[in-house]
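Contents: one structure, followed by commentary.
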Amino acid sequence: MNNPKDNQELNATLDIEAIQAKWLPIWEKKQPFNASNDPDDDRKRIYVLDMFSYPSGDLHMGHAEAFAIGDVVSRYYFQKNYNVFHPVGWDSFGLPAENAAIKRGENPAKWTYANIETQAESFKRYAISFDWSHRLHTSDPEYYKWTQWLFLQLYKKGLAYRKASNVNWCPSCQTVLANEQVVAGACERCSAVVTKRELTQWYFKITDYSQRLLDDMEQLEGKWPERVLTMQKNWIGKSEGAYVDFQVEGIEKPVTVFTTRPDTLFGATFFVVAADSKLAQELVLEEKKIELNNYIQEVRKATDIERLATDRPKSGVFLGRYAINPATQQKIQVWASDYVLADYGTGAIMAVPAHDQRDLDFAKAFKLPVQVVVDTGEEDPALTGVATPGDGKLINSGPLDGLDKVSAIKKINEILEKNKQGKGAVNFRLRDWLISRQRYWGAPIPIIHCPKCGEVAVPESELPVRLPDLAGDQLAPKGTSPLAAATSWVNTKCPKCGSDAQRDSDTMDTFVDSSWYYLRYPSAHDATKAFDPAQLKRWLPVEQYVGGVEHAILHLLYSRFFTKVLNDLGLVDFNEPFKALLNQGQVILDGAAMSKSKGNMVDLGEQIAEFGVDAVRLTMVFAGPPEDDIDWAEVSPGGSKKFLARAWRLAKDVTSEVDEDFEKGELSLRQATHRTIAEITTLIESFRFNVVIARTMELVNVTRKAIDTGCGPKDPAVREAVEAITIILSLFAPYTSEEMWEILGHKELVSKAGWPQVDPKLLVRDSVVCVVQVSGKLRARLDVSPDISSEELEKLALETPNVVKILDGKAIRTVIVRAPKLVNIVPE
RNA sequence: GCCCUCGUAGCCCAAUCGGCAGAGGCAGCAGACUUAAAAUCUGCACAGUGUGGGUUCGAGUCCCACCGAGGGCACCA
């Protein structure tokens with residue numbers, strides 16, 4: 001069809017390097033993605049946010065996936081002519097910078113800000129549709145000033161406090177960790193085995209918000225991944241039950257326990273307190289003290305991982321004392337054991353071995369009595385060694401006899417309350433958030449310790465409390481904060497009384513920084529306040545948040561907590577920060593997470609050099625549903641590259657003029673185009689981007705055929721199809737689509753093109769295929785009008801030759817008609 | 001141990017309400033173009049949906065059991 005010269009021209013390959021070099025400076029100059037703050041701009045507004053980056057080096061494959069996915073959402077709303085706010089920033093405090101600084105003998109700022117610059121350049125090259133004018137870094141004093149200010153607001157409300165406690169200690173990071181940062185007994189960051197230390201630390205009182213953190217999830221239902229909501233629910237861990245008071249012989253005040261099974265009170269045959277609790281020390285008889293303390297020593301030696309092993313035999317010490325079961329008036333032994341936790345409930349339990357496996361294991365180990373009080377129909381736990389925690393009829397329980405679990409709980413709670421021996425109660429697994437860290441590269445806690453006045457808040461006018469300029473060995477971990485050794489910084493005057501005082505030398509967990517950054521973005525450079533209420537009104541809450549599931553119970557829980565606190569303080573007028581959440585998966589290789597130590601890293605820069613930015617982005621989004629992991633060994637960036645070149649060639653083939661009247665175009669291609677647009681619109685809004693791309697590929701194939709063997713390159717329908725393809729591709733492949741848009745003769749950027757309008761007339765089909773089944777088996781296909789009546793369709797189906805043959809004169813029991821798509825004939 | 005999600009072609013993945021198992025891609029094969037290769041274009045083949053039951057006119061889709069994979073929680077009383 002074409003002479004060889006033309007052929008060469010038509011098969012020209014897309015020079016990716018060249019178009020990247022061509023468009024990057026143009027975008028840089030035009031900044032097409034800045035949000036409008038014009039009060040008269042009445043377009044719909046939308047805040048699209050990606051979880052910000054930690055500047056540990058250049059961008060990697062994980063960033064490439066997450067930001068490619070977030071960018072589809074952002075660019076889609078730009079095309080829909082929304083006023084989109086899609087800001088960028090860095091979570092730039094944290095340990096990796098500090099460790100690098102120690103190695104290099106520098107201040108962490110140097111490494112941090114160099115990495116930020118590298119990532120910023122990479123983000124630009126990767127063509128993420130950011131509004132760069134609101135850029136922030138959490139390690140800037142202009143930012144952490146407000147982190148400190150927020151700490152003080154919480155402090156004033158009694159939501160930031162200091163207490164001595166047995167805390168998680170990471171021996172490798174040389175700092176304490178929050179509960180959320182301990183994963184299966186190991187440090188979330190470095191995987192070192194976490195140990196316990198008795199230390200005085202700062203906490204945020206997140207437990208005050210347990211119930212609300214649960215209740216408000218109702219707003220997120222359906223808009224956050226189910227998995228994340230479940231994880232948060234589990235983490236908050238609400239248990240309903242009762243407090244029950246036990247008298248202990250020789251002790252004045254009763255000891256209270258928390259139980260979820262007050263109905264089994266008559267089966268409580270012994271009593272256990274946490275070995276490492278104060279309570280154990282109060283209850284232990286003098287002559288048992290040495291034994292108890294030896295035991296505690298033993299327990300302390302065990303790591304969390306050993307402690308958590310479920311097959312570990314129960315251990316404990318009899319404290320020499322007896323408690324009185326308030327229901328049976330029986331004397332029961334009081335023991336101390338490490339299977340009871342000091343910081344959950346009251347640190348003491350009533351043990352019901354018949355109906356709780358842990359208690360039964362303990363009873364077996366120390367030959368304590370077992371009393372069945374619920375008849376579950378199962379065998380006697382004392383004989384089988386298997387506790388029966390299920391529901392059944394209460395027995396051996398006086399007034400509770402014959403009741404089921406729910407009624408028994410209700411009744412015993414009434415009795416306890418009447419006798420002032422207890423009451424119904426709720427307990428949560430969630431612990432307060434430990435926020436102090438014994439490291440340098442974080443926001444200093446704005447508190448001064450005065451020998452006369454005690455804890456004194458740094459006056460707001462003196463914020464920020466800047467970090468002193470330390471470097472290299474000065475930052476080396478010593479088990480206490482490096483700031484403590486910076487004497488000229490630590491030593492100060494008490495703001496209240498003026499006497500010699502010392503600054504708090506701990507810094508805040510970096511999760512504090514990230515708990516409010518989304519509030520800072522709209523007024524990122526406002527030096528007078530943390531965030532601007534007018535701007536918050538304009539943009540918040542975040543409409544669509546995009547990020548990894550690894551933050552399900554860290555950043556996402558903390559941010560929800562912060563928002564609720566600020567809501568209570570009257571500083572924000574919403575109580576959930578992120579209306580919708582999209583979790584992207586990980587990029588893995590050969591079924592395993594990529595890691596430097598395994599040496600199976602895929603380098604993003606190399607992938608981009610080989611396939612181009614667009615092909616890498618397209619591959620990330622086409623690989624599968626966004627939340628699935630992408631195994632880079634199983635996907636084909638080469639295929640993406642080929643597809644993009646194929647699409648680009650379409651643009652080159654179009655020979656009609658820019659202002660073509662599409663109405664004059666060939667009908668079947670127009671219908672295909674409009675059907676694709678209609679379908680893609682709903683697919684994008686449900687995040688099914690892989691299917692969007694598949695549909696686009698289909699349209700490319702159809703258009704190719706139309707050009708080569710159909711209506712030809714000059715038909716207006718071809719231009720319409722290629723323009724639609726170009727605009728759709730602009731969500732995934734910014735460079736290729738920009739180039740295509742220009743080839744098509746447009747002067748504006750493709751990001752300003754606007755989402756193509758669907759003409760409903762073109763969605764109507766003049767005939768559809770109707771499936772005719774006999775007993776559910778496909779027997780014929782009919783071409784029918786889409787608005788055919790059921791009666792007519794049934795008649796047509798019954799007349800179909802093949803159907804007549806299959807039925808063979810048999811009587812018909814029923815005919816199911818789903819006009820116009822299906823008829824199912826069921827013979828007797 | 002408890003809870004959740006998922007098992008569709010050699011591979012990655014599609015399949016509104018239960019209604020023709022296949023849209024798209026990778027890999028494969030064949031052809032066209034080419035001196036040849038690459039590139040490009042065209043065409044082809046491949047599974048009956050992890051297994052066993054059940055509900056239904058009809059099940060990839062709903063229910064039950066089992067197997068397998070992934071994830072979460074895990075001495076939280």
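In what follows, chains carry the letters A, B, and so on, assigned in the order in which the sequence lines appear, proteins first and then strands, with residues in each chain numbered from 1.
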Ring pair (Phe, Tyr, Trp, His ring centres under 6.0 Å), paired with A:Phe246, selected from A:Phe271, A:Phe258, A:Phe270
A:Phe271

In whole angstrom, give the distance that lies between atom CH2 of A:Trp632 and atom P of B:C12.
16 Å

Output yes when at least one side-chain N/O atom of A:Asn701 is less than 4.0 Å from OP1 or OP2 of B:G25, else no.
yes

Please work out if A:Lys641 contacts a base, only the sugar-phosphate, or nothing of the nucleic acid, heavy-atom cut-off 4.0 Å.
nothing

Touch class at under 4.0 angstrom, heavy-atom based, for A:Arg695 against every strand present:
base

Backbone of A:Arg429 reached by a side-chain donor or acceptor of A:Arg431 within 3.5 Å:
yes

Interatomic distance where CG belongs to A:Asp629 and P belongs to B:C12 [whole Å]:
13 Å

Is there a side-chain contact between A:Arg429 and the phosphate of B:A77, meaning an N or O under 4.0 Å from OP1 or OP2?
no

Students often get this wrong, so: under 4.0 angstrom with heavy atoms, is A:Asp343 touching a base, only sugar-phosphate, or nothing?
nothing

Here the distance between atom P of B:U16 and atom CD1 of A:Ile680, to the nearest Å, is 17 Å

Would you find a donor on one side and an acceptor on the other, under 3.5 Å apart, between the side chain of A:Thr259 and the backbone of A:Arg261?
yes

Identify whether any heavy atom of A:Glu634 sits under 4.0 Å from a base atom; if not, whether one sits that close to sugar-phosphate; answer base, sugar-phosphate or nothing.
sugar-phosphate

Strictly below 4.0 Å: does A:Ser239 bring a side-chain N or O up to OP1 or OP2 of B:A77?
yes

Between A:Asp653 and A:Arg649, is there a salt bridge with N-O shorter than 4.0 Å?
no

Within the structure shown, what part of the strands sits under 4.0 Å from A:Ile553 by heavy-atom distance: base, sugar-phosphate, or nothing?
sugar-phosphate

Strand partner of B:C57, provided both Watson-Crick or wobble distances fall under 3.5 Å
B:G19

Quick one: closest heavy-atom pair of A:Met620 and A:Ala68, and the distance?
CB-CB, 4.3 Å

Any side-chain N or O of A:Tyr339 under 4.0 Å from OP1/OP2 of B:A77?
no

Need one value for A:Phe622: base, sugar-phosphate or nothing, where a base atom within 4.0 Å counts as base even if backbone is also close, heavy atoms only.
base

Taking any heavy-atom pair under 4.0 Å as a contact, classify A:Val352: base, sugar-phosphate, or nothing.
nothing

Minimum-distance nucleotide to A:Ser636 side chain [options: B:A23, B:C26, B:U42]
B:C26

Atom-to-atom span, CZ of A:Arg227 to C1' of B:C73 - whole angstrom:
14 Å

Answer with yes or no whether A:Lys314 presents, from its side chain, a donor or acceptor under 3.5 Å of a partner atom in the base of B:C75.
yes

What does A:Arg779 touch in the nucleic acid at a heavy-atom separation under 4.0 angstrom: a base, only the sugar-phosphate, or nothing?
nothing

Whole angstroms only, please: what is the CZ-P distance between A:Arg818 and B:U56?
16 Å

Do A:Gln357 side-chain and B:G1 base share a donor-acceptor contact under 3.5 Å?
no

Can you tell me the Watson-Crick or wobble partner of B:C6, both distances under 3.5 angstrom?
B:G68

A:Asn690 side-chain N/O to B:A14 phosphate OP1/OP2 under 4.0 Å:
yes

